[in-house]
J.: 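Supplied in structure tokens, the structure appears directly below.
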Amino acid sequence: MEFISRNSIKIDYGWSTEKIANLIKLGVLRTAFDGSMERILKESAEQHRQFEIRIIDDYMPATDFFKALGYSRSAFKTEAKIIEKINQFRDIKLIDVIELEGYTIRFNALWVSKSSFRRFTDLLTTDYVEASEAQRSFNGTNEELRYRLREYKVPYIKLTKRYYLKTAFEKVQLNDFLTTEEVSKITGIPVRVFNRYKADSIFNGVLEFSGKKMIPTSEAERVRNDLQMLRQKYYTPIEAKEYLGLKVINPVTSIVSIPCPPIARAFAFQAQVLFLKESVHAYNDSRKDAHVKKLGNAMPADASDFFRISVNNIPYTIDSSPTKEWFIKYALRELSLSNASNKSKFKYAREFLSIMEKVLTYKPDIPVHLLTTDDANGLIEHETRHYYKGRYVYDFLKFVSEKALCKYDLRYVIRPSTQPLAQKDKEIYSFEEFVQVFTVASCVENHLHDAIKDCYYASAWLYILVHLTNAWRHSDVMQIPPVFPETGGITELRWFQDCRLSETQAQKIINQLGHFELSISKTGMKRHFFCNKNLAVPMATALSICEFHRRDTNRPFLISTTSKKDIIPDTIFERFFKNGFKFRSLKMNRSLMTHLFYSIQKREGKGNSAFELIQRMRNHATDITKDYILSSDVDMGHLTRNLFDRGEFGYIYDQLIDVLSSENGYEPNNALEERTNRIVQIKRKWSAEVTEGFSSFLQAIENEKQTIIIKIKSMDKAEAFEYIRKLYLNEMPSKQQHIQCFSYPSCHKPSRDYKCTTCAYAIPNMYALNALASDIRGTMEKYREARTDGSKEKYFNSLSLSLDLLTQALSEFGEDLTWTFFEGGEQGLEAELALIN
């Protein structure tokens, strides 16, 4: 082994005594004993010397690095500042850095690779645009540019100046956007359509500047192409009727229709549906051979007219002519007295035609009033095997007996109602089974792969989810209209392979169902769509996947089946549940209404009020709802209590729930104090000087709330439940949409200048956040523009109340969802608040 002395290292390498000692301590320089003396191995000293030579050749000191980037020597006064800045670049892998520990090279411990420095400067030149250059190329104001940079979250590098990523910056150029007026000229969609349906529900990437909606040019082109496709593939109702030569298109025909998309208002105006041209043409061809063709082109829209036309195609003899006339009168009377839907009436009309043909051919040479009693019984028993057909025949015989003298004695004719009738068991799923369905259906990961691959599996998933929160009839569930996943940023089915919906995206997709005028097929009443927030993501996922599948076949509705009868086969449900669970629509509806009814009643609510809520779910106009609520002694858990979360928030709503939830009707609650502490956190953004003068007002706000809380705490449970019931049924409106009023029907502040979002009596729901965000922005702007202390105090008071409401919403709905209603989110609001100090 060859050794070298410390003195030789100092002379040959220029290293200090301290450095040599540190290198030995760090183990860089290895030592060994030469006799009794510890000496340094020359090989280790030479290796480290070569390392330092490479560093000097290939690297540059951090101070030189910043100097080359334009920083002055005074920019970083301490080594800690230099390290902090270097780490920012190193963390995002822009530069390669060597940091020496325990020693330095030429008095520098931090060195930057020269090659990475060149890459870095080349990157700034080629891939980034300097801030002043970005401003010069931007077609708008500085404020608009800053807003868009925040909105698009454009990546940037901060040196002595900011450098923005070019590819991201190009997206914020106003040159690529159009106003709604310009888009209207390109697409032909009236501006009023944008105002009614909101541009955000039609176009992706819509931004707002100076109160105007700005739409990407690419989106205008996309929608124009979609319009051309719709124009090529669909007729408006007026065009379809003109082509077919009809005054009315019968809803029971085989013509395929879709709900009219908002963009189709460019040519469809007030139309509710569009008709597929191929389907219209096919129907026109098929009806040429139909019986009704003999009577002209008019296709009746009424079941009675359909029956009158169709009976002419049933053969009869001269002797059976009186039978025919009586049966026509009987059938028309039954159809006119029926309260069934139009679709069901057509079904009855076809049944009457079938029964009439059997009656006319039973004894064609004998009029019905001359049939013997045995003949009458034979007609009921042998020719009409089904109970309901036998019932109609008996009713017809009774009808004739009231109009003419009959040979048969009705007293001895067998009445079908005396025959045994198999009654359907009115069963419900147990609460445990109900929870099982809820748990299985709400797990997105378990169904995503199969739903993407198989449209029938996806349809079954959506079918089950809708039944979990909506007591809809099977026929109504099968007619869920299309949605537009693009509003949530999803443009293709493959998106779900790697990504998942957020709660905010899911809510945007679900809310679209509110744009359609849904009606109940049986009663024609308005149909409401409910979705519990715990099912929002699974529901929106299933809706979107079914929509992409629907577009492949251009079906009119989201749910698809392999059966012509629109029934989802049990084999699909078996794949879904994987445990032999039998899913039945009517049984699930009974289960849902029963569990919800008893869970509401369990909260000490009035039975009638609980029944009224369930009745609203089904939109029954009569007490028929009671037939769906079966006896139940099962213990109701928390699940059913949350199925129909209306999204109310506010301290008043909390206090009402507290009264219902407490054991003795009164239970102290510190929710108000907790919210007060939360709002203090927001108010800390203001300087003490701003808030000091208004402390008395802030105390007055709390005193007013305490007065209302005392009133609520004095209620018994029945009275509190009635308030909850009225909130559920929207029976306590305020001056603003999506906000209800605790003081209804009187108004605490009737002036139009006083907004409900700043009132202590307000009980808003989630969708009031739109108005709340707008009010906060407007009030802060007015506060900044105010010139007198009185005006400032006025706007400060309004702002304090609005911010109090905001803190409650943050607690109720979570920060992620709530901040989406505010431009720039929480940071944007903090920046705005900072401007009023």
J.: Would you confirm whether Glu219, through its side chain, and Asn204, through its main-chain N or O, come within 3.5 Å as a donor-acceptor pair?
T.: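 Yes, because the side chain of Glu219 sits within donor-acceptor range (under 3.5 Å) of the backbone of Asn204.
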
J.: Counting heavy atoms not belonging to Gln736, are there more than 12 under 6.0 Å from its CD?
T.: yes

J.: How would you list all residue pairs meeting salt bridge (Lys or Arg N to Asp or Glu O under 4.0 Å) that involve residues 326-340, not counting sequence neighbours?
T.: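 Applying salt bridge (Lys or Arg N to Asp or Glu O under 4.0 Å) to every pair that reaches into residues 326-340, excluding sequence neighbours, yields nothing.
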
J.: Who passes side-chain hydrogen bond (donor to acceptor under 3.5 Å, both in side chains) against Asp450, sequence neighbours left out?
T.: none

J.: Partners of Phe573 by ring pair (Phe, Tyr, Trp, His ring centres under 6.0 Å), sequence neighbours excluded?
T.: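 Phe583.
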
J.: When rounded to the nearest 0.5 angstrom, what distance separates CG in Leu462 from OG1 in Thr541?
T.: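 It is 11.0 Å, given to the nearest 0.5 Å.
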
J.: Would you please name every residue forming a salt bridge (charged side-chain N to carboxylate O under 4.0 Å, His left out) with Asp454, sequence neighbours left out?
T.: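 With sequence neighbours excluded, Asp454 shows a salt bridge (charged side-chain N to carboxylate O under 4.0 Å, His left out) to Arg575, given in chain and number order.
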
J.: For the residue pair Ala349 and Phe306, what are the closest heavy atoms and their distance?
T.: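 Closest approach of Ala349 to Phe306: CB-CD2, 3.9 Å.
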
J.: Counting heavy atoms not belonging to Lys345, are there more than 12 under 6.0 Å from its NZ?
T.: yes

J.: Taking only Lys NZ, Arg NE, NH1 and NH2, and the carboxylate oxygens of Asp or Glu, determine whether Arg584 and Asp570 approach each other closer than 4.0 Å.
T.: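 Yes.
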
J.: Name all residues meeting the side chain to side chain contact (heavy atoms under 4.5 Å, CB included) criterion together with Gln228; count only those two or more places apart in sequence or in a different chain, and write none if there are none.
T.: Arg224, Asn225

J.: Using 0.5 Å steps for rounding, measure from the CD atom of Glu486 to the OG atom of Ser544.
T.: 9.0 Å

J.: Would you compute the distance between atom CD of Glu242 and atom OH of Tyr235 and round it to the nearest 0.5 angstrom?
T.: 10.0 Å

J.: Mind checking what makes side chain to side chain contact (heavy atoms under 4.5 Å, CB included) contact with Ser304, not counting sequence neighbours?
T.: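 Asp302, Arg308, Leu332, Leu335.
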
J.: Who are the side-chain hydrogen bond (donor to acceptor under 3.5 Å, both in side chains) partners of Thr236, not counting sequence neighbours?
T.: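 With sequence neighbours excluded, Thr236 shows a side-chain hydrogen bond (donor to acceptor under 3.5 Å, both in side chains) to Glu239, given in chain and number order.
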
J.: Quick one: SG on Cys455 to CG on Leu558, what's the gap to the nearest 0.5 Å?
T.: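 CG of Leu558 is found 12.0 Å from SG of Cys455.
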
J.: Quick check, are the ring centers of His474 and Tyr463 under 6.0 angstrom apart?
T.: yes

J.: Heavy-atom distance under 4.5 Å between the side chains of Ser585 and Val477, does that happen here?
T.: no

J.: Please name all residues satisfying salt bridge (charged side-chain N to carboxylate O under 4.0 Å, His left out) with Asp395, sequence neighbours left out, ordered by chain then number.
T.: none

J.: Closest approach of Pro237 and Ala271, non-hydrogen atoms and distance?
T.: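 Shortest heavy-atom separation between Pro237 and Ala271 comes out as CD-CB, 3.6 Å.
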
J.: Sequence neighbours excluded, which residues qualify as side-chain hydrogen bond (donor to acceptor under 3.5 Å, both in side chains) partners of Ser320?
T.: Thr317

J.: Can you tell me if CZ on Phe399 sees more than 12 non-hydrogen neighbours from other groups inside 6.0 Å?
T.: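 More than 12 heavy atoms, drawn from other residues, nucleotides or ligands, come within 6.0 Å of this atom.
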
J.: Determine whether Leu501 and Phe496 satisfy the following criterion, side-chain contact (heavy atoms from CB on, under 4.5 Å), listing intermediate values before the conclusion.
T.: CA-CA 8 Å; Leu501 291 173; Phe496 288 99; 4.0 Å; yes

J.: Under the rule for side-chain hydrogen bond (donor to acceptor under 3.5 Å, both in side chains), what residues qualify as partners of Glu492, not counting sequence neighbours?
T.: Arg494

J.: Report the C-alpha separation of Ile355 and Phe396 in whole Å, then their side-chain angles, then the decisive distance to 0.1 Å, and conclude whether the side-chain contact (heavy atoms from CB on, under 4.5 Å) test is met.
T.: CA-CA 10 Å; Ile355 295 171; Phe396 168 60; over 6 Å; no

J.: Taking side chain as C-beta onward, heavy atoms only, is Tyr234 less than 4.5 Å from Leu276?
T.: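 They are in side-chain contact.
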
J.: Distance check, rounded to the nearest 0.5 Å: Lys398 atom NZ versus Glu402 atom CD?
T.: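 That separation rounds to 6.0 Å.
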
J.: For Ala331, what residues pass the side chain to side chain contact (heavy atoms under 4.5 Å, CB included) criterion, not counting sequence neighbours?
T.: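 Ala331 satisfies side chain to side chain contact (heavy atoms under 4.5 Å, CB included) with Phe307, Phe327, Phe352 once adjacent residues are dropped.
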
J.: Do other residues, nucleotides or ligands put more than 12 heavy atoms under 6.0 Å from the CD1 atom of Ile318?
T.: no

J.: Please tell me if the side chains of Val393 and Lys358 come closer than 4.5 Å, counting only heavy atoms from C-beta onward.
T.: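 Heavy-atom side-chain distance check fails, nothing below 4.5 Å.
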
J.: Are the side chains of Ile452 and Ile545 in contact, using a 4.5 Å heavy-atom criterion?
T.: yes

J.: Are the side chains of Ile559 and Val466 in contact, using a 4.5 Å heavy-atom criterion?
T.: no

J.: Would you check if Tyr316 and Val311 make a side-chain contact, meaning some heavy-atom pair closer than 4.5 Å?
T.: no

J.: With distance as the sole test, does Ser257 use its side chain to make a donor-acceptor pair with the main-chain N or O of Leu274 at under 3.5 Å?
T.: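 The answer is no, because no donor-acceptor pair under 3.5 Å joins these two groups.
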
J.: Between Gln505 and Gly488, which heavy-atom pair has the shortest distance, and what is it?
T.: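 Smallest heavy-atom distance, with atoms named: NE2-O, 2.7 Å.
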
J.: Hey, do the aromatic rings of His549 and Tyr457 have their centres closer than 6.0 Å?
T.: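 Between Tyr457 and His549, which both carry aromatic rings, the centre distance is not below 6.0 Å.
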
J.: For Lys347 and Glu351, what are the C-alpha separation, side-chain angles and deciding distance, and is it a salt bridge (charged side-chain N to carboxylate O under 4.0 Å, His left out)?
T.: CA-CA 6 Å; Lys347 178 182 177 181; Glu351 290 294 345; over 6 Å; no

J.: In sequence, state the C-alpha distance, the side-chain angles, and the governing distance for Val223 and Ile215, and then conclude on side-chain contact (heavy atoms from CB on, under 4.5 Å).
T.: CA-CA 11 Å; Val223 170; Ile215 300 167; over 6 Å; no

J.: Could you label the plane-to-plane angle of the Tyr243 and His281 rings as parallel, tilted or perpendicular, counting under 30° as parallel and over 60° as perpendicular?
T.: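 If you compare the ring of Tyr243 with that of His281, the planes turn out tilted.
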
J.: Give the minimum heavy-atom separation between Thr361 and Pro364, together with the two atoms involved.
T.: O-CD, 3.6 Å

J.: Of all residues at least two apart in sequence or in a different chain, which pass the ring pair (Phe, Tyr, Trp, His ring centres under 6.0 Å) check with Trp495?
T.: none

J.: With side-chain contact (heavy atoms from CB on, under 4.5 Å) as the test, would you mind laying out the steps for Asp319 and Lys363 before giving the verdict?
T.: CA-CA 9 Å; Asp319 293 327; Lys363 296 285 184 179; over 6 Å; no

J.: At their closest point, which heavy atom of Phe203 faces which heavy atom of Arg222, and how far apart are they?
T.: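 Heavy-atom minimum between the residues: CA-NH2, 4.2 Å.
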
J.: Look up atom CG in Leu543 and atom CH2 in Trp461, then write down how far apart they are to the nearest 0.5 Å.
T.: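 Spacing of CG (Leu543) from CH2 (Trp461) equals 10.0 Å.
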
J.: Side-chain contact, heavy-atom cut-off 4.5 Å: Ile255 with Leu244?
T.: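 Yes. Closest side-chain heavy atoms under 4.5 Å.
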
